[in-house]
**Q** 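Shown below is the structure under consideration.
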Amino acid sequence: MKQIDKSYNPEAIEEKWYNFWLENGYFHAEMPSNKPPFCIVIPPPNVTGSLHMGHALNSTLQDILIRWKRMMGYNALWLPGTDHAGIATQNVVERQLAKEGIDRHKLGRTAFIQRVWEWKEQYGGRIIHQLKRLGSSCDWQRERFTLDEGLSRAVREVFVRLYEDGLIYRGDYIINWCPRCQTALSDLEVEREDIEGRLYFISYPFTDSEGSVVVATTRPETMLGDTAVAVNPKDKRYMGLIGKTLRLPILSREIPLISDDAVDIEFGTGAVKVTPAHDANDFEIASRHNLPSIKIMTEEGRMSEDAGPYKGQDRFECRKNILKDLDGLGLLLKEERYTIGLGHCYRCKTIVEPYLSKQWFVRTWPLAEKAIEAVREKRIRIIPEMWENSYFDWMHRIKDWCISRQIWWGHRIPAWYCQDCGEVNVSRDEPKRCRGCGSSCLKQEDDVLDTWFSSALWPFSTLGWPDNTEELKTFYPTDVLVTGFDILFFWVARMIMMAMKFMDDVPFRDVYIHALVRDATGQKMSKSKGNVVDPLLMIDKYGTDAFRFTLTAFAAQGRDIKFSEERVDGYRHFVNKIWNAARFILMNTGDIDIRHPGEERQYLSLADRWILSRLGHVISEVNTTLKQYRFNDGAAAIYQFIWHEFCDWYIEMAKPAIYGGDKNSRTASVSTLIHTIETSMRLLHPFMPFVTEELWQHIPHRHIKRPQDSSGTPHKAESITIAAYPTGEDGIEDLDAEEQMGKVMKTIDGIRSVRGELNILPSLEIKAIIKTPEETGKILKRNIVYIEKLAKAKEIVIGNDIIKPRNSVTAVEPGMEIFIPLEGVFDPQVEIKRIEKEIKKMDVEITRLRGKLSNEEFLGKAPKDVVEKEKERYRESIEKVERLMAIMEKLKMMGEET
RNA sequence: GGGCGGAUAGCUCAGUUGGGAGAGCGCUGCCCUUACAAGGCAGAGGUCACAGGUUCGAUCCCUGUUCCGCCUACCA
């Protein structure tokens, strides 16, 4: 007799098995392999990051898929890694330096980058370690980092080819500038947030006549850089004034009043100040009218030389001063409350500055066209489908992508400027001589690339591209990408664009977009709100399996997860339930010679046949749900099966055979128990990797791994991670058994209801007399042991011509009446009330059905099977009520007697 | 401004071709029945947001309304 602990203790078990899996290389996709490939690349977390709920959900779902496919016999590769997170990582190390009183400029570029690498070596592995605690079955031997030599080569290759194809250009444009990070940002890296601001009305006087034009602005300080005022050409108010000259207050610069279609007549005064160097629209207007641009701010967000008296002031301080000065001059006419959507840096939350600057850009539209096509033609499926709309919408309006960053940590742009002739040399390797003039006086571009530029190559760069490696040939295109919608544009769209361009094929066939994990009240988790739940804490407290199962069970498509700790606790109970079921089975295995239940069908009991049939159903259900990424449905199906069908019904029913059955039926039942729990563990393993391995190792199993070497020799699997995933063959469908079992269960339910309603002590065995047609009676008689055991009944009498005994309560089921004699405690009044309640319930049902069935149109137009079903239901209901009425009559007569 | 999603039991949510409204947790009653009290059995609880429409029939499809949430946008 085997013994395991009385309850499940995750900690030691998790560590033990994870190490075992690693030592045996189960997560390593072997090359070459004759197994079909299946590949997922992980969305690389920031190397600075630590595991949050989003990662936990994301990784859990990927692990479920990859473990499932691995067990299905695929050469499953889950390729892990991290990205270098340029701005974030640089910020972290800069903060560290600040504590030592140094800044990066003092240190110098080379030494600084050295420091970042040191930091990365020391702390960068944290999230990888945390992923392991989640049970993630990544191929760690293939872990990649976006700054790896190989990936860097891919980045340079892509940059050069895009440049050569005219899809990368450099120029002066308005970009988003973060004055704190001191770098340009792409449009996506700016988060818009509504801020309660003000709209200021400022008067710009004419130079040559009385009067003025009043402009409305939310940013008065930028007036220092104004080079025009614009109105709409159709605006009657300004007709005849266009072309006149205005005097810019304070600086007294003369600027023209121009007309441009971009100006909205309705807004403000219909006149807009034009600041080409500090506003994207104004930049456009200026380029149409050949207006000069004046930068009145420095990269630090302070006022520049050109800001005259305000030079050196912070941009917000300057605003206050300008308003004061304008007011003093009587030129600030009024202020209105106004809500502005202000851009903030997604890394440091500083308000970004639209800023004229020389940057590198990717011309996106030619790339986007093919990326749109790939999704439209369903060569890439986005699941759930509703995200396709967002994807198309964004892609159709895509703008050029600013890819240069003025930081040091990242892929330095492979462009060298000739110090003699000014030629730009873009090259895969450092050029010796300028290709324009032959000079060797070359200086590399200081800027590095946006981190997303390298992540966009992830699905192929990690597999070895630009080399045509075996991995690339085998695993590309990858099968599915699992990610959150928050990086649909940042990352997914760009991967598709790059893949279509460089691989001429999709990067993945499916994109599964999962939910956001929120707190219990539905708020987004954030550090500033203090409502962040640490996944590691959940794992420590409840175990990885319970935690993973919680996330999975709530991962319904298209809906966010409201996470609360209570749920994890609830699923910990489930883990414990499984543990104890296995414990019970192991305790009773004894010296039984376990067989496959299919080998001795003649000895199988009804319950044995039933659970094997149910097992078959849950297996196909789970496989179906996983195919469709309905993780929550899969989890629910297993939960329902293991807890309610297997534990609540089957184990209880198997007990008589185990304790008191003859040798053959005992062997059959124990074999069925073992088979069911063993198969269930394999079925559950992708969801709960640890407890299933631990139990599976205790359970006697004869499970074989699929043939995997070329000789085709099957091996006994030494781990559940490489055992075969259950298929239809592991269950034995038996509709006859399910039908018969249904009758037995109904009988037990009937008796239990009566017991429950009348509060009969469970320890008290009761008699039961069952009136039912002969056919059903036969089934019940054959299986009477179950009724005795589960309904705590004895001396059960079954027959067709039973007369209701005196002083008995009644349970009426379709085709069945159950009488329970309660000598001494029987109270007719209580029983009458109970039956009345039941009749009332049925009356509602009968009224509904009668209405439906007396409707000619329903009978004529509804499908036959629906009508038939309703009729059957009606017959059953009527029959039940008639029986109940008859019993009532008797009870009332009896009441009169007493 | 445009778009998307949601509104179902006290709470959190399922509900896939329109045909008897479900689960988990919570609640109530009984029970420490030799796997599990982290358990078992029984039970209460819902005009499926609102108003129309299509249909024999609508939680489900269509239209509109209200209230939440999210994404997106060059009204300064």
Side-chain angles (χ1 to χ4, degrees), chain A residues 4 6-8 174 192 199-200 215-219 222 230 262-275 279-285 338 340-341 354 384 386-387 389-390 393-394 397 399 485-486 488-489 516 518 520 522 524 553-554 556 558-564 566-567 569-588 628 630 632-633 636 639-640 647-648 651-652 655 659 749 752-763 789-792 845 848-849 852 855-863 865-867 869-870 873 877:
Chain A
I4 58 175
K6 205 173 168 190
S7 60
Y8 176 58
I174 296 280
R192 300 260 159 209
L199 191 60
Y200 303 96
V215 299
T217 181
T218 55
R219 300 202 58 197
T222 63
V263 181
D264 181 357
I265 298 177
E266 305 295 320
F267 188 87
T269 59
V272 59
K273 56 194 269 318
V274 180
T275 322
D279 184 280
N281 282 320
D282 294 2
F283 182 81
E284 297 288 322
I285 293 174
Y338 189 71
I340 323 160
M386 62 173 178
W387 290 108
N389 287 330
S390 298
D393 189 45
W394 188 73
R397 291 185 310 185
K399 292 196 295 185
F485 60 83
D486 46 336
L488 183 62
F489 309 138
L516 211 66
R518 300 170 175 280
K524 207 165 167 174
F554 285 91
R559 192 146 184 158
D560 286 348
I561 297 175
K562 285 186 198 164
F563 183 89
S564 89
E566 290 163 36
R567 311 219 171 99
D569 193 39
Y571 285 113
R572 184 177 58 136
H573 295 181
F574 178 47
V575 178
N576 193 55
K577 184 79 182 177
I578 296 167
W579 181 266
N580 275 289
R583 177 165 170 266
F584 168 77
I585 294 166
L586 292 172
M587 278 165 50
N588 290 288
Q628 300 172 345
R630 285 161 43 220
N632 59 320
D633 291 329
Y639 183 97
Q640 164 69 24
C647 292
D648 288 348
I651 289 184
E652 292 310 314
K655 280 177 180 172
Y659 295 141
D749 279 340
R752 278 176 169 178
S753 282
V754 170
R755 297 189 64 122
E757 280 169 40
L758 300 180
N759 272 338
I760 297 168
L761 286 176
S763 53
K789 164 85 180 144
L790 272 71
K792 283 266 181 182
E845 175 79 353
R848 191 186 65 80
L849 288 166
K852 217 166 179 179
N855 185 337
E856 285 300 325
E857 289 195 283
F858 171 72
L859 296 173
K861 293 183 182 169
D865 56 320
V866 172
V867 175
K869 218 163 81 186
E870 297 290 279
R873 216 172 271 154
S877 305

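None of the values given here were measured: they were computed from a predicted structure. Chain naming here is simple, since letters A, B, ... match the order of the sequence lines and numbering starts at 1 in each.
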**Q** Can you find a donor-acceptor pair, distance only, under 3.5 Å between A:Arg397 side chain and B:U72 base?
**A** no
**Q** Check the distance between B:A14's P and A:Arg630's CZ and give it to me in whole angstrom.
**A** 13 Å
**Q** Classify the nucleic acid contact of A:Asn759 as base, sugar-phosphate or nothing, counting any heavy atom under 4.0 Å across all strands shown.
**A** sugar-phosphate
**Q** If I take atom OH in residue A:Tyr639 and atom P in nucleotide B:G22, what distance separates them, rounded to the nearest angstrom?
**A** 18 Å
**Q** Would A:Arg518 pass as a cation-pi partner of A:Phe563, given that its NZ or CZ must be under 6.0 Å from the six-membered ring centre and within 45 degrees of the axis?
**A** no
**Q** Pairing check on B:U34: which nucleotide meets the Watson-Crick or G-U wobble criteria with it, both distances under 3.5 Å?
**A** none
**Q** Going by the rule side chain to side chain contact (heavy atoms under 4.5 Å, CB included), which residues pair with A:Phe485 if we only count those two or more places apart in sequence or in a different chain?
**A** A:Trp387, A:Ile513, A:Leu516, A:Asp560
**Q** Between A:Trp387 (CH2) and B:C4 (P), how many Å, whole number?
**A** 12 Å
**Q** What's the gap between B:C4 and B:G39 when it is taken at their P atoms, as a whole Å value?
**A** 45 Å
**Q** Is the positively charged end of A:Lys789 above the ring of A:Tyr659, judged by distance under 6.0 angstrom from the centroid and angle within 45° of the axis?
**A** no
**Q** First locate atom OH of A:Tyr8, then atom NE2 of A:His573, and finally report the distance between them rounded to the nearest 0.5 Å.
**A** 15.0 Å
**Q** Once you round it to whole Å, what is the distance between P of B:C13 and CZ of A:Phe563?
**A** 14 Å
**Q** Using Watson-Crick or G-U wobble geometry with both distances under 3.5 Å, which nucleotide pairs with B:G10?
**A** B:C25
**Q** A:Met386 side chain: which of B:A14, B:C56, B:G5 is closest?
**A** B:G5
**Q** Measuring only the C1' atom in each nucleotide, how far is B:G5 from B:C13? A whole number of Å is fine.
**A** 15 Å
**Q** Whole Å only: how far is the CZ atom of A:Phe485 from the C1' atom of B:G5?
**A** 10 Å
